[in-house]
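Just below is one structure, and these are the notes that go with it.
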There are 2 protein chains.
Amino acid sequence: MATIDLITYEGSQKLDQKEFDAIYPDLKLRVGELQRAVRDSGVPVIVLFEGWYGSGISLVMNELNRVLDPRGFSYFATTAPEQDEKEYPFLTRFWVRTPSAGRIALFDRGWYGRTMIERTDFSGKVVLQDFAVDEINSFERTLFENGTFILKIFLHISSKEQKKRFKKHQDDPFTLGYIPEEDWSVFVKYKKYLPVLQDLFTQTDTAEAPWHMVDASDQTYAIAEVFRLLISGLENALTMPGKKTQKPGYTHPGYQMPVRGRLPDTADLSLSLEKSDYERQMSEYGKRLRQCQYDLFRKKIPTIILFEGWDAAGKGGAIIRMAGHLNPRGYSVEPVGPPNDIEKFHHHLWRFQKKIPRDGYVRIFDRSWYGRVLVERVEGLAAPPEWERAYREINEMEEALVRHGALLIKFWLHIDRDEQLARFRAREEDPSKKWKITREDWRNREKWDEYEEALRDMFEYTSTASAPWIVVESNNKYFSRVKVLKTVVQAMDAGLAR
Amino acid sequence: MATIDLITYEGSQKLDQKEFDAIYPDLKLRVGELQRAVRDSGVPVIVLFEGWYGSGISLVMNELNRVLDPRGFSYFATTAPEQDEKEYPFLTRFWVRTPSAGRIALFDRGWYGRTMIERTDFSGKVVLQDFAVDEINSFERTLFENGTFILKIFLHISSKEQKKRFKKHQDDPFTLGYIPEEDWSVFVKYKKYLPVLQDLFTQTDTAEAPWHMVDASDQTYAIAEVFRLLISGLENALTMPGKKTQKPGYTHPGYQMPVRGRLPDTADLSLSLEKSDYERQMSEYGKRLRQCQYDLFRKKIPTIILFEGWDAAGKGGAIIRMAGHLNPRGYSVEPVGPPNDIEKFHHHLWRFQKKIPRDGYVRIFDRSWYGRVLVERVEGLAAPPEWERAYREINEMEEALVRHGALLIKFWLHIDRDEQLARFRAREEDPSKKWKITREDWRNREKWDEYEEALRDMFEYTSTASAPWIVVESNNKYFSRVKVLKTVVQAMDAGLAR
């Protein structure tokens, strides 16, 4: 990668129309071939364009939109977020638009331009919010490591050239019409933002997703150059493992797993509650939960409550008992099973990014993204490098959620082997519950030791300071349900008091 | 169906808690059984609740949310539309939420409440917009005819009871917290809206989707009654054909197909243009297109341009030549192939409802919803009653789009058999175009006569006054592309002048 240098670079490259006409047919043909090859290889590709206002991104987009086969790409023009998009973590609206296997996602501006506008403190000195770079790098790294090729192109013009173009095109709807006026003020203050942009690019010019600068002072040259970058980019993309070959990708070498957390061995499974005590506490905390839900809604704080646990540990019961106190208009339960045929061809976190609750809402996950390091690991559905990477990927996603202001409560419902056996048998004997128990449950049970090993790693690597695991002793259902409800209420109270 | 009578009905039904506790466990068990049976049968089910504010819908929802298995249902609380939702036809946000095969969609208020709020003229006399009932009936009928079971429940209380409850619950976040205040004024004016509501319900109490009124003066009784209705509803749903049995459903007997349109036989395929004339006109109309796109964006008029045509008739080329003049930020091309694994389990129009352009944007469909009456008919992918019904379904969808204010331009690119053969052979001989021609194209060609028959019906039944077909004589590509571009510009000019 060549580090991008915005400050000292002065554009001077030119290409005359004749030369362009001579090379363009071949460039187009080659892009077409490569697009089909990428589709066949199953590598997802992101092509992101950023650039100064006036640098001619829309002209480049216009060319690409005509040349690429519409069956294989999606085009997103990033503008100011809608009101509802604002009520999610910053990167969510880009996450949900990441391409599936073999598709190209073309971003007409994206998380960099929006970082400049939304995550920069413009009071006095212009500075980036300090976590902005980390979140972007983590986003791009995890996409790359899971097989997505990322091409980032910056169209550069000088301040003088920008002024000249603004004068000329001020009223041209073609180049300016779709940019909301409130965004204008930021990007036209060229000199003020130049060092901040330079800083942002230097820090995000990574091995996984390097920057490419295109001198855009001459538009003909810029278009040809973008095609050349696209061609070499797609050629590189074809060297990625892709979905068809099922290679596990690559893990960033510098990463150290965090070591924290409590192992469930220490859980005291003899803990229990009397029925009367259970009913009293459920009713008491239930009332408080109802008030908390409403207060969180008014304060626009989103809540994520996630349940993992042994089969038959009582996840469903705990959720139903808690949900009975919630207003259905403000929460939903997301049952998580194997990924469907669409989800399979995306990054493993994509389907969860689509289910992040909006600010003020409660979302309850019945099983979760931890499937990657539990069932997918144990059943061999993810290769070792894939689930090993996932601890960090999950930690970073959760950190971004918490930083956005979400309450994140993670429960592990713990029972022992004997209790599970007793519950399985009871289910089989009860005609109204028999459907709940399947051959798969028995098969999972046989792999108890392997699950225990996976569990130990999960606690060790993902019980972080911002999102610790809470082990719920669940041999006794009354105790388990009260602990869940009480913990949620206390976490909500604490969140409201912040 | 028993016609719903809001006006003379005075609630008096009661159920005491003891009786309720005695029957409730059985009701819950039965709902669980039926939900699993519905999942296995593949019938999609809509359960829609409407009711006066204060009638206790949220309490009922709370029960249902706890009793239904979250893996098999979705819950939608309908409130005021988001800004972006407002920029689509009225029913779009409900269309995109219709359930797939075997799933239950629970609507906590829906298109009726919103019709009262959004499609009623409150100045002086309170009246419904006159097409509102037609659009709702058409929506429900087509869902039903394509296999969706619809249960509509209205929770009724008297004006006196409503006043009493408002006094009691005014500050209760649980029942009122999530309702936006601007909606309040409409529904609390009980007596003013009672006759309008009665009128709306009488007109929408159809064989396909009858209304059920629940006396909600006593909340315990109401919950039990809703469970009973749900049970008999799901039992009825199980008698529907469902996805697994692949039965074609039912066609409303009273429907007469419209007879209009021009057959493509009359197309003069000798029409052609010289290159110089072609280039001059493309450039002239291209410039006008660019200005039109911008003006439509400012006026928030959405545009749908739909291309159908024989294989190799030049759809792709016509689209690319037109799109070159459009700003990519304001248009997109939607290539239409066979439905994917998710889309297959929905109503055949669902995937297109998800692609309706937002107000001010242009969407170009490369093939379209007409696949139902062309390829799906000819290849036997849809049974005769299914594609026969589709003419009306398509006409009604298009009528709603046009009524919403959309420009809808439908092109049939027409070539003759010899021209197609020449183009197929040319593609096979050109290494850069060889990928464009597949065995399937040759197979389709063999079915030319069957396609011609399907085509004749399509023109006859779907070339309506609000959305006529435009046949583009396409043996000569120059003529074809100019006619497409010119027609679009003229339609846009006319739309802007309205």
Side-chain angles (χ1 to χ4, degrees), chain A residues 25 28-29 32-33 36 57-58 60-67 69-72 74-75 77 79 82-85 106 108 172-175 177-179 290-291 293-295 297-298 316 319-321 323-337 340-342 364 366 432 435, chain B residues 25 28-29 32-33 36 57-58 60-67 69-72 74-75 77 79 82-85 106 108 172-175 177-179 290-291 293-295 297-298 316 319-321 323-337 340-342 364 366 432 435:
Chain A
K28 279 205 307 193
L29 267 185
E33 278 169 21
R36 292 190 291 279
I57 294 186
S58 64
V60 172
M61 289 297 118
N62 193 26
E63 285 301 317
L64 289 178
N65 270 287
R66 289 167 63 196
V67 169
D69 182 340
R71 283 167 296 188
S74 316
Y75 167 82
T79 53
E82 302 285 342
Q83 180 52 42
D84 54 338
E85 288 179 319
L106 211 60
D108 177 353
D172 184 354
F174 194 64
T175 47
Y178 291 87
I179 299 167
R290 181 173 157 156
Q291 188 60 47
Q293 182 194 15
Y294 187 64
D295 294 340
F297 179 71
R298 305 298 290 196
I319 291 171
I320 286 172
R321 263 58 173 203
H325 299 282
L326 291 169
N327 187 326
R329 285 166 191 154
Y331 86 93
S332 64
V333 177
E334 199 55 50
V336 176
N340 69 28
D341 289 337
I342 306 296
I364 299 168
D366 184 353
S432 76
W435 61 275
Chain B
K28 280 205 304 195
L29 267 184
E33 278 169 22
R36 291 189 292 280
I57 295 185
S58 64
V60 172
M61 288 299 120
N62 192 25
E63 285 301 317
L64 289 178
N65 270 286
R66 289 166 62 197
V67 169
D69 182 341
R71 282 166 298 188
S74 316
Y75 166 83
T79 54
E82 301 285 341
Q83 181 53 41
D84 54 339
E85 288 178 321
L106 212 60
D108 176 352
D172 184 354
F174 194 65
T175 47
Y178 292 86
I179 300 167
R290 181 173 157 156
Q291 188 60 47
Q293 182 194 15
Y294 186 65
D295 293 341
F297 179 72
R298 305 297 292 194
I319 291 172
I320 286 172
R321 263 59 174 203
H325 300 283
L326 292 169
N327 188 326
R329 285 167 191 154
Y331 86 92
S332 64
V333 177
E334 199 55 50
V336 176
N340 69 27
D341 289 338
I342 305 294
I364 299 169
D366 184 353
S432 76
W435 61 274

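When reading the values below, keep in mind they use all heavy atoms of this one structure, side chains included, and skip hydrogens, waters and symmetry mates. Every chain is numbered from 1 and lettered A, B, ... according to where its sequence line falls, protein lines coming before strand lines.
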Considering only heavy atoms and a distance below 4.5 Å, find which of B/D69, B/N65, B/D108 pairs most often with chain A.
->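 So the answer, after comparing B/D69, B/N65, B/D108, is B/D108.
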[X] versus chain A, the contacting section by heavy-atom distance below 4.5 Å:
| X | answer |
| --- | --- |
| B/I364 | neither |
| B/L29 | side chain |
| B/R321 | neither |

Check side chain to side chain contact (heavy atoms under 4.5 Å, CB included) between B/N340 and all other residues, then give those that pass, not counting sequence neighbours.
->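 Residues passing side chain to side chain contact (heavy atoms under 4.5 Å, CB included) with B/N340: A/I342, B/I342, B/E343.
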Rounded distance (nearest 0.5 Å) linking atom CE of A/M61 with atom CG of A/L106 |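 That separation rounds to 4.5 Å.
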Just how far is it from atom OG of B/S58 to atom CG of A/L326, taken to the nearest 0.5 Å?
->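 The distance works out to 12.0 Å.
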Count the heavy atoms of every other residue, nucleotide or ligand shown that sit under 6.0 Å from CZ of B/R66, and state whether that count exceeds 12.
->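 Buried by this count: over 12 neighbours within 6.0 Å.
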